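One structure is given here, and the rest of the page talks about it.
Since this is a predicted model, take the numbers as computed values, not measurements.
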Amino acid sequence: MQVAVVTFDGFNELDSFIASALINRCRNDGLEAFVTTPTPVVTSMNGVEVTGQRPMEFVTEADVVLIGSGVKAREVVADDGLIARLPLDPSRQLIGSQCSGALVLARLGLLGDMPACTDRTSRPFVEARGVTVLDAPFHAEGNIATAGGCMASQYLATWVITRTLGEAAARAVLDYVAPVGENQQSVERALRAVHAGEAALR
């Protein structure tokens, strides 16, 4: 199973790297994430240059697509050519967004009436697209999920691992990366956020 972590110019390092790093701890179980970029090299909001591991066209074959955030998100959604390179299909793919990545999902018409999570800066722009924004870090309906706040990227990764490999795999990853002495609390907090986000509208 392959995960495309879509990473645009001006990206937030926390959003792309935390999700991909956590998911890649499951390589031996057949789940692998790749930083997927529209150009060979993208530069983060803090000036870090990253060479993409996969080109944007990879999103069509990926089993999971996560849309990262960044300071140029509004430019991304205004670029018809760039948006056309994201032919996502929630009937066969898990699709998630991090923070301002919700703008991309809204632009693609994937949210419909579904409420979304995003960061505080992006909230008014997401709402301007007719999307209800939740005061929550994570929300999922079916095969689409959104996360809000940089550190919520761990919840997006937890959702992906749980949906593809099961909760035991997610627990193992979270336990490994948790601060020493806070393992149980960290694992339970992440799983609680994901379960609450999936159950919110039941």
Side-chain angles (χ1 to χ4, degrees), residues 1-12 15-20 23-24 26 30-44 50-119 122 125-133 138-148 153 155-157 159-165 197-198:
M1 293 172 287
Q2 300 183 108
V3 181
V5 180
V6 178
T7 303
F8 300 106
D9 208 38
F11 71 96
N12 183 318
D15 295 346
S16 289
F17 295 158
I18 290 176
S20 60
I23 291 168
N24 277 330
C26 298
L31 181 66
E32 189 168 10
F34 301 91
V35 173
T36 302
T37 56
T39 54
V41 176
V42 291
T43 303
S44 78
V50 172
T51 300
Q53 296 172 291
R54 293 290 186 275
M56 190 68 86
E57 289 67 29
F58 175 63
V59 301
T60 61
E61 61 184 272
D63 304 286
V64 182
V65 179
L66 302 181
I67 308 293
S69 74
V71 295
K72 296 184 179 181
R74 283 183 286 165
E75 295 175 33
V76 169
V77 298
D79 187 332
D80 292 340
L82 191 50
I83 290 297
R85 297 173 69 185
L86 292 166
L88 307 186
D89 183 359
S91 70
R92 65 174 185 83
Q93 295 174 307
L94 295 179
I95 300 170
S97 69
Q98 178 66 43
C99 292
S100 62
L103 282 170
V104 178
L105 296 194
R107 174 71 168 78
L108 290 169
L110 293 173
L111 294 179
D113 295 329
M114 174 181 167
C117 300
T118 190
D119 61 282
S122 301
F125 304 108
V126 175
E127 290 177 331
R129 290 188 169 271
V131 177
T132 299
V133 174
F138 178 83
H139 180 73
E141 293 184 25
N143 287 345
I144 297 179
T146 59
S153 54
Y155 302 155
L156 198 57
W159 176 72
V160 170
I161 297 168
T162 300
R163 286 289 305 269
T164 55
L165 298 176
E198 290 179 318

For the pair N12 and C99, evaluate side-chain contact (heavy atoms from CB on, under 4.5 Å) and give the outcome as yes or no after the intermediate values.
CA-CA 10 Å; N12 183 318; C99 292; over 6 Å; no
Shortest non-hydrogen separation from A19 to L66 and the atoms involved:
CB-CD1, 4.2 Å
To the nearest 0.5 Å, what is the distance between CZ (F8) and OG (S100)?
9.5 Å
To check you understand the geometry: which heavy-atom pair defines the closest contact between A102 and V126, and what is its length?
CB-CG2, 4.3 Å
Do T7 side-chain atoms and V5 backbone N/O form a donor-acceptor pair below 3.5 Å?
yes
Please find the pair of heavy atoms, one from S20 and one from S16, that lie closest to each other, and give the distance.
OG-O, 2.9 Å
Close side-chain approach of R129 and L103, heavy atoms under 4.5 Å
yes
For V59, is there any backbone N or O sitting under 3.5 Å from a side-chain donor or acceptor partner on Q93?
yes
The single option from I23, N24, V3 that satisfies side-chain contact (heavy atoms from CB on, under 4.5 Å) with E32 is N24
Tell me which pairs pass salt bridge (Lys or Arg N to Asp or Glu O under 4.0 Å) where either residue lies in residues 79-95, with sequence neighbours left out.
E57-R85, D80-R107, D89-R92
Using 30° and 60° as the class limits, which term best fits the ring planes of W159 and F138: parallel, tilted or perpendicular?
tilted
I need the L156 CG to I161 CD1 distance, nearest 0.5 Å.
10.0 Å
Taking E198 for its side chain and A140 for its backbone only, find out whether a donor-acceptor pair lies under 3.5 Å.
no
Does V42 offer a backbone N or O that forms a donor-acceptor pair with the side chain of D9 under 3.5 Å?
no
Any sub-3.5 Å donor-acceptor pair from N143's side-chain atoms to P90's backbone N or O?
yes
Over all atoms of both residues, closest heavy-atom pair of L105 and A145:
CD1-O, 4.2 Å
State, to 0.1 Å, how close A106 and V131 come at their nearest heavy-atom pair, and which atoms those are.
CB-CG2, 4.0 Å
Can you tell me how far apart NE2 (H139) and CG (L111) are? Round to the nearest 0.5 Å.
9.5 Å
Interatomic spacing from CG in D15 to CD1 in I67 - rounded to 0.5 Å:
12.0 Å
Work out which heavy atom in A147 is nearest to a heavy atom in Q98; give both atom names and the distance.
CB-OE1, 3.5 Å
Can I144 and L110 be said to form a side-chain contact (heavy atoms from CB on, under 4.5 Å), step by step?
CA-CA 8 Å; I144 297 179; L110 293 173; 4.1 Å; yes
Please round to the nearest 0.5 Å and tell me the distance separating atom CE of M1 and atom CG of L94.
9.5 Å
For the atom pair CG (L165) and CG (L31), what is the distance rounded to the nearest 0.5 Å?
5.0 Å
Measuring only between side-chain heavy atoms, which start at C-beta, is E141 closer than 4.5 Å to P115?
yes
Donor-acceptor contact present, side-chain T36 to main-chain V6, <3.5 Å:
no
Among T39, L86, T37, whose side-chain contact (heavy atoms from CB on, under 4.5 Å) with M56 holds?
L86
